[in-house]
Amino acid sequence: QPAAEGRERAAHPSARRGGGAEQLAKLRLQPADACADRGELLSRGRGRSLCCQEGDPCGKGDLKASKMAGASVKVAVRVRPFNSREMGRDSKCIIQMTGNTTTIVNPKQPKETPKSFSFDYSYWSHTTPEDINYASQKQVYQDIGEEMLQHAFEGYNVCIFAYGQTGAGKSYTMMGRQEKDQQGIIPQLCEDLFSRINDTTNDNMSYSVEVSYMEIYCERVRDLLNPKNKGNLRVREHPLLGPYVEDLSKLAVTSYNDIQDLMDSGNKARTVAATNMNETSSRSHAVFNIIFTQKRHDAETDVTTEKVSKISLVDLAGSERADSTGAKGTRLKEGANINKSLTTLGKVISALAEM
Amino acid sequence: MAAPTGWASLCEKFRSSLSLSNVESKKDPENEPYRSKYGARELLEEIRQLLGSEEAAEAEGAPAGEAAALRAVRLAVVEYELGVNHTETEELSAGEEHLLKCTRLLERHRLSRGCVSLYIQAQNNLGILWSERGEIKTAQTYLESAEALYNQYMKENGNPPLDPNEHFMAEEEKLTDQERSKRFEKAYTHTLYYLAQVYQHLEMIEKAAQYCHTTLKRQLEYSGYYPVEWALNAATLSQYYLTKQCFMESRHCLAAANVIFSQAGQVPSSEDNETEQDQKDLQQRKAEIARCWIKYCLTLLQSARKSLEDNIGELDPDRQTELKAQRKKEEDEKEKGRKKAVLFGTSDLCDSILATEEKVSCICPLDFQEAREVFLVGQNYVHEAKEFFQFDGYVTDHIEIVQDHSALFKVLAFFEEDYERRCKMHKRRIDMLEPMYVDLNPQYYLLISRQLQFELADTYYEMMDLKVAIGNRLEELDSHTIKKINSLAQLAVKYYELFLDSLRNPDKIFPEKLEEDVLRPAMVAKFHIARLYGKLITSDGKKQLENMQTSLEYYTFLVDYCEKHPEAVQAIETELELSTEMVGLLPTRMERLKAKLSPFS
C-alpha cells in the first residue's frame, strides 16, 4: 500500500481544491468489528508508537527509521545551549551525545545508570560552533532537509515537525534567525527548492510552487496568509482528495523571496491573532505547506504528466501542559482540576463513555 | 446618629466590587489580566475594615444582640468574596484563609436561612481550591459536606434561604422567594457538578455518571440551559449508559434530547451570514443526536443477539422461549424500576419525553418482529444523519454511519429464520458498502479502506455460506446455485486479497513481520481464503487440484508464520489449530485425487 506517494497523472483542468490540509494527529478511534471470530480490525491508530517507553527495563529505546505502512519516519533529537536563566541558576547539563545516541543522566539519582536512546540523529548543539562536535543549522539541514527535498522532487509527500516544550528551541531549528548561518530548516529548504528549479536546463520540465500557511489554535483553523478572513476555516473531507481546509489561500510563489515575505507576514499574523497573554507560539500550531508541481512534457506523444508533492513544515505548540498547578513535565497526566463553569459539562460527560 | 448613608455607601462599595470582579474583569488588558480583580479586592478590604468597627452595625438601629450576628454574617460575605478573589488570582493560600474564615464565622448558624447558601458556596470554592492543588480527596470532603448540608437544610427547614448578596442590599432591593430559591438551587447544582468531576477523577464512573445525570436534570428545573447544548449533553450521556447496557436510561436521555432540541427552533438573526452558519450548526447537532440514536438501536439489538445466540452464533430457540417467559415476570418490576430512575423535567416535558420514548423499545427484542421494529427506528435515524453528513465533505462520519447501517442489517439477519431473506439483507450491506469503498482514496483513508475491504469480504463469505446451506436442503445442487456459490466465494477472496495487498510496501512486498494491529486480521484473511478455496465447487478434477493446492499454500503460510513468530500464536489459536490439521490432511487428499485422475501414470 503506497501510503505517501505523489501521483503521476495526465494533466487536465485541475480538480485541486483550495489548499490541502494536514490533519495534525487526528487519528480516529474506529469501531472494532463486532464479530470477533471473523477477525477484529484495527481499532486504534496505525503503525508503531514512536514514543520511547519511560522506565524501559534496560534503559534503552530504539527510535531509528521505522517503517510505517510503507512510509519511512526519521527521528532526530537536538539539545540547545543554556539560556541566561539556566546559567544564572548554575544548571548542570544532563545530556550527552555520542554518534546518534543520546544519554540522559538523572540529576536526582546520580548513582543510577544513565539511560541511552538511539535516534536517527542526535544533534549536539549545546556548546558553540567552535566545538568540533557542534551540530550547526547547516548540518541539520543537510542531514534532514536535503533528503526531504529530494523525496519531494521524486514526487513523495514529506512532513517535518518539531516537538518540545516552550523554549526548547523548536522555532530556532525550524525557522532559525535571519543572521548568516542561523537560518533554520524551512528557509534553507525553500532556498534550495528554488535553486534547483532555476538550475534546471531541461525545457520539458516546468515547475510551479504554491504555499499555504495556517494556524491551529484552540481547535480553530486560521488562514495566516489571509488573516482578515476572521472566519474559522472548516476542515472537510473529500473522498478522493482527502482532508482539506476549506477556503485556505494557496498563493503562487516564484522565488525564495516570495516565500520569505509570506512567511514573515504570516508570522506577524500569528502574534496578532492570539488574545492570550502568553506567547502565541507556545499555544498554537502553525503549518506551512508547499505544494510543488512538476510538469513533464513528452515531445513525442505530446502528453504532459505532472507530479504533485506536498511539503509540510510544522511548528508545533509547546508540549508542556498549560497547567496552573505547574505540572512538572508530567505531560501525560491529566490535570485534576475542577472546571468551575457548567459549560464544561459536555466534556465531563464525553469522558465518561471513554473510561 | 451616624449614617444610614454610611451603610448605603458600604452597600454601594460591595456592589462595585462585584461588578469589578464579574463584569469589568472580562475587559482587562492582556498584560494586566487581574487589574479589576485587584481593584475589587481593595474595595472588599475597605468594607472589611469598616465592618470591624462597632458603629456600622449599631448605626442601623439593629437590636444589640443581633448586631453581632449581623456583623458576623456580613463579614463572612466579605471573607467569601475575598477568598474567591484570591483563588481566581492564583493566590491559593490566601484564598483558603479567607474561605476558612468565612466558614468559621458561619459555623454555628450554618443551617439558618441567612447562612446556609453562603456556607455551601464557600465549601464549593474550597473544593475547587483543593482540586487546583491536586488534592482531590480533600476537595471531595468539602463538596460532600456541602451536599449533606443542603440535604439537611431542605429536610429540616426548606424555606428559600437568603442569597449572600442580600446582606448588602437595602430592604426594598431584597429578593423574592422565587429568586432566592433559584439562586440557592443553582449553587447546589454546582456542588453536584463539582462532585461529578471529583468522582470522575477518582474513577468512580458510575457515581460520576449519576451526578452528571442529576446536574442535567437540575439544569432543566432550576438553572437555565441552552437547548442545543443540553440536548447534546443528554445524547452524550446516553452513550455512556449504552456501555453499561442501561437501555432504559439511555433511551430516556435520547428522548429528552430530542424534545429539548426541538425547543431550539429558528434563531432570528440580523446578518444573513450568521443565520446560515447557525442553521448549519443546528443541522449538524441534530445529525449528531441522530447518530447517538443509531448506536442505541444497534447496541440494543446486539445485546439481544448476545443473549440469544448459541455456540455457533445462531439463534437458540430454547433460550428464546426461556427469555420470553422471564420477560413476562419482569414486566411488573419494570414499572417500579422506572420510578426509581432519574426522570427529567416538569410534567409537560415528561409527557413529550414519554411520547418519544414510546416509539422505540428499551427491552431486548426476542424475535424477528420485535427486532425489526428497533431496526426500523435505527434506519430512520441513519437517513436523518446522512442528510447532513454527506460523503463529499464528511467522509469519515458518513462512512461510520453507513457502517452502522450495515451492522443493523447484520444483526437483523440474525433474527431472520429464512436463509433467502437473510441473504437479501447481506446483499443490502454489499450494496451500501461497495460503492463507497470504490470511491475512497486509500492514500488518505487507509484505515477505513481496510475496514471496508474486510467487511465486504466477510459479508460475501456469509452469503456464500447461506447459499451452501440453502443448496444442502435441495436434492441436488443445480448449476445456477453452484455458479452463485462460486461467484460469492471468489468475491470474498477478492476482498480479502485486497486487504492483504494493502499491507504491502511500495515495492509490493508482503511484510516479513506483521505489525501488532494488523496481525490478526491478516492471519484471519489468509485463513478464510484457504477455506474459501476449499469450498469452490468444480467438476473439473484438475481445477479442483489447483484449488486444493492454493488452499494448502494459505494454510501453510499461517503455520510457517507462527513458527517463525511464536508470539503470534496467541492471536490466532483456533485458526492455527485448524490450519495445522489441514496442512496434515490436504496433501493426502490431493494425492488421492491425483491418483483418481490419472490412474495409469
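Note on naming: letters A, B, ... go to the chains in the order of the sequence lines (proteins, then strands), and numbering restarts at 1 for each one.
For B/Leu232, no part sits under 4.5 Å from any heavy atom of chain A, backbone or side chain. In this structure, chain A has a heavy atom under 4.5 Å from the side chain of B/Glu229, while its backbone stays farther away. With a 4.5 Å cut-off on non-hydrogen atoms, B/Ala209 touches chain A through its backbone and its side chain both. Interface residue B/Thr243: only side-chain heavy atoms are found under 4.5 Å from chain A. Neither the backbone nor the side chain of B/Ile509 comes within contact range of chain A; no heavy atom of the residue lies under 4.5 Å from a heavy atom of that chain. In this structure, no portion of B/Gln453 lies under 4.5 Å from any heavy atom of chain A. For chain A, the nearby part of B/Asn125 is the side chain; its heavy atoms alone come within less than 4.5 Å. Heavy-atom distances place both the backbone and the side chain of A/Thr344 under 4.5 Å from chain B. Heavy atoms closer than 4.5 Å to chain A are found in the side chain of B/Tyr193, but not in its backbone. In this structure, the portions of B/Tyr194 lying under 4.5 Å from any heavy atom of chain A include both its backbone and its side chain.
Annotation: maximal heavy-atom pairing with chain A below 4.5 Å, among B/Ile205, B/Leu440, B/Ile399, B/Asn124, occurs at B/Ile205. Put simply, of B/Ala234, B/Ala571, B/Cys212, the one with the most heavy-atom pairs under 4.5 Å next to chain A is B/Cys212. Most heavy-atom pairs under 4.5 Å with chain A, from the set B/Phe391, B/Tyr445, B/Trp130: that is B/Tyr445.
Put simply, the side chain of A/Ile349 reaches to within 4.5 Å of the side chain of B/Leu216, judged on heavy atoms.
Here the NZ-CG distance, from B/Lys244 to A/Leu352, works out to 10.0 Å after rounding to the nearest 0.5 Å.
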